[in-house]
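This report refers to the structure that appears directly beneath it.
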Amino acid sequence: MTVLTRFAPSPTGRLHVGNIRTALHNWLWAQKRGGRFLLRIDDTDKERSEEHYVELIRADLAWLGLVPDGEERQSARFALYEARFTALRDAGHVYPAYETAQELDLKRKIAAGRGLPPVYDRAALALSDDQRAALEAEGVAPHWRFRLDHGAAIEWDDLIRGHQRFDPATMSDPVIRRADGSWLYMLPSAIDDAEMGVTHVVRGEDHVSNTALQLQMFAALGSPPPAFAHEALLVGSEGKLSKRLGSVGVDQFREAGIEPEAVRALLARIGTSDPVEPLVDTARLIDTFDFGRFGRAPARFDEAELSAVNTRIVHQLDFDSVAARLPEGMGRVEWDAVRPNLTIVAEAADWWRVIEGPVESATDPADADFLAEAARVAGTIDWSADPWHALTTALKASSGRGGKALFLPLRRALTGLDHGPDMKALLPLIGRERALARLTA
Ligand code: GLU
């Protein structure tokens with residue numbers, strides 16, 4: 001069996017961290033099983049779908065490195081849905097219903113008043129041919145419901161949640177098509193999963209009861225169902241489903257200097273029993289990915305944790321992968337020298353300015369003699385080997401200083417700062433000329 005997963009966003013907005021996580025898990029599973037990962041644009045809702053979002057979804061996935069092996073769009077498949085719908089209707093699996101939204105609402109209220117669950121009473125199924133004809137003659141267009149088979153419990157073994165069981169008699173026959181002919185999510189999705197040969201549906205646990213309904217749709221369509229993995233939802237670090245999380249996405253990540261590798265490393269592991277590790281190498285994430293490692297508790301997304309992972313990712317990025325984002329002129333040696341001091345790649349520019357100058361040296365007047373001596377020594381040492389070692393060894397001997405008293409005034413004069421990359425790596429980049437000028441300033 002060749003694994004086929006799909007990520008099925010509706011193009012009604014930008015991807016957010018929750019659906020990015022779902023996309024990642026679908027991608028990881030396909031990679032792990034040597035399968036394929038599809039992007040399916042769920043754009044049956046013409047009013048709310050926008051082409052501009054389709055483009056942004058593709059771009060966001062590309063930035064994240066989750067490149068689909070194929071793309072499908074529901075809006076190109078209406079003829080197929082129509083054909084399957086007709087067959088289901090002819091076989092009695094779907095039926096027309098004529099209640100207005102207000103009537104349905106009233107029915108729900110009456111049920112609630114009697115302490116009953118808000119399950120649709122199937123009144124439309126009891127209509128005679130004449131009654132239906134009369135309603136249609138009055139101009140009432142029907143919407144369509146899928147008729148659940150109450151014969152047996154709906155059961156499946158969820159890859160994350162374990163055994164699941166639903167009693168169809170406690171569920172309403174789902175509306176699958178509106179009176180204007182437009183489709184609700186449920187049936188087209190099941191038709192597509194069946195026709196495309198999707199083997200694993202990986203999605204949020206908010207879809208669990210939909211799965212129960214869709215399993216009956218697969219049966220009615222005569223298709224074996226895919227396997228299902230419903231993941232616990234993502235919550236903010238404060239433990240709530242914050243509104244804000246719904247707007248955190250690739251744009252915010254980029255703005256904050258977060259690398260796609262960091263997003264992948266974090267989102268692959270939160271909510272699982274595996275620790276979050278700053279893995280740049282996706283092969284390791286793929287190897288360790290397994291639905292059996294997922295817990296039932298909500299996964300916590302913490303921006304501070306993402307930043308921390310990002311920092312550790314940045315420290316591993318090699319020059320070639322960041323070169324295009326570095327300041328003009330900054331090379332491999334400079335990158336390697338400053339990389340351990342970065343939290344985000346963009347900070348490399350700050351250190352590039354320190355190398356290139358001018359820097360505002362922040363020296364203590366009490367160090368004036370010492371720095372004058374340092375300038376003299378800097379003029380005599382061999383700059384081609386390890387000038388920092390040569391400079392500090394000579395100054396240690398001549399001034400008697402050691403430790404902080406030796407290093408800090410030099411660092412301040414040479415970089416204008418109290419902290420920063422290892423001077424051993426930095427000084428050769430600052431070079432003789434600029435160093436002498438800074439020490440004499
Ligand atoms: N378009 C649906 C959604 O975004 C897809 C759900 C699914 O994965 O089946 O909720």
Side-chain angles (χ1 to χ4, degrees), residues 3-30 35-51 53-54 56-58 60-61 66 68-78 80-81 84 146 154 156 158-161 164 166 174-178 182-218 221 223-234 241 245-247 249-250 267 291 294:
V3 163
L4 179 65
T5 62
R6 88 297 193 276
F7 173 52
S10 299
T12 54
R14 215 50 206 260
L15 298 184
H16 56 75
V17 57
N19 46 32
I20 287 170
R21 174 169 171 257
T22 302
L24 173 68
H25 295 163
N26 276 285
W27 181 85
L28 285 168
W29 185 244
R36 299 177 69 236
F37 165 67
L38 275 188
L39 171 61
R40 190 185 80 199
I41 302 293
D42 280 6
D43 58 350
T44 55
D45 188 336
K46 282 186 185 137
E47 302 263 286
R48 294 178 59 233
S49 299
E50 288 178 36
E51 198 52 32
Y53 287 126
V54 175
L56 287 170
I57 287 167
R58 286 190 198 118
D60 286 352
L61 290 178
L66 309 179
D69 299 302
E71 183 180 311
E72 300 282 354
R73 304 179 70 119
Q74 292 199 318
S75 58
R77 299 168 63 83
F78 288 134
L80 172 69
Y81 306 151
R84 293 294 174 272
F146 180 84
I154 305 167
W156 79 94
D158 195 273
L159 295 173
I160 294 174
R161 297 168 62 86
Q164 302 291 297
F166 283 80
V175 176
I176 53 154
R177 199 171 190 182
R178 299 184 190 88
S182 65
W183 298 98
L184 281 104
Y185 151 74
M186 207 77 76
L187 182 63
S189 180
I191 293 172
D192 284 346
D193 288 337
E195 300 275 336
M196 291 170 190
V198 169
T199 60
H200 295 78
V201 169
V202 182
R203 58 188 179 189
E205 66 182 10
D206 49 331
H207 282 289
V208 171
S209 60
N210 289 343
T211 296
L213 304 172
Q214 286 176 325
L215 280 170
Q216 288 216 346
M217 294 179 190
F218 286 110
L221 291 164
S223 302
F228 289 90
H230 291 93
E231 37 193 29
L233 298 182
L234 195 70
L241 275 166
L245 262 195
S247 63
V250 167
L267 295 184
F291 295 116
F294 281 70

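Every number for a ligand or one of its atoms is a count from 1 in the order of the listing. We're numbering straight along the sequence, starting at 1.
- For ligand 1, the atoms sitting less than 4.0 Å from at least one non-hydrogen atom of Y185 are 2 (C), 5 (C), 6 (C), 7 (C), 9 (O), numbered in the order shown with element in parentheses.
- For atom 5 (C) of ligand 1, the closest non-hydrogen atom of the protein is A8 O, 3.2 Å.
- When all heavy atoms of L4 and L38 are compared, the closest pair comes out as CD1-CG, 3.8 Å.
- Against a heavy-atom cut-off of under 4.0 Å, R203 is close to the following atoms of ligand 1: 7 (C), 8 (O), 9 (O).
- Between the side chains of R77 and T44, no donor N or O sits under 3.5 Å from an acceptor N or O.
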#### Entry: Verdict with reasoning, Y185 to H207, per ring-ring contact (aromatic ring centres under 6.0 Å, His included)
CA-CA 11 Å; Y185 151 74; H207 282 289; 5.4 Å; yes

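- Of the N and O atoms on the side chains of D43 and S75, at least one donor lies less than 3.5 Å from an acceptor on the other residue.
- Taking every heavy atom of S189 and a limit of under 4.0 angstrom, the matching atoms of ligand 1 come to 9 (O).
- One side chain, T22 or E231, offers a donor N or O that lies under 3.5 Å from an acceptor on the other.
- Side-chain contact check for M196 versus P226: every heavy-atom pair is 4.5 Å or farther apart.
- If you number the atoms of ligand 1 from 1 as listed, the ones under 4.0 Å from a heavy atom of D42 come out as 1 (N), 2 (C), 5 (C).
- Counting heavy atoms only, R6 comes closest to atom 8 (O) of ligand 1 of the residues R6, H207, H230.
- By the criterion of a heavy-atom distance under 4.0 Å, neither the backbone nor the side chain of F7 is placed next to ligand 1.
- Of all the atoms in ligand 1, the ones that sit under 4.0 Å from a non-hydrogen atom of S10 are 1 (N).
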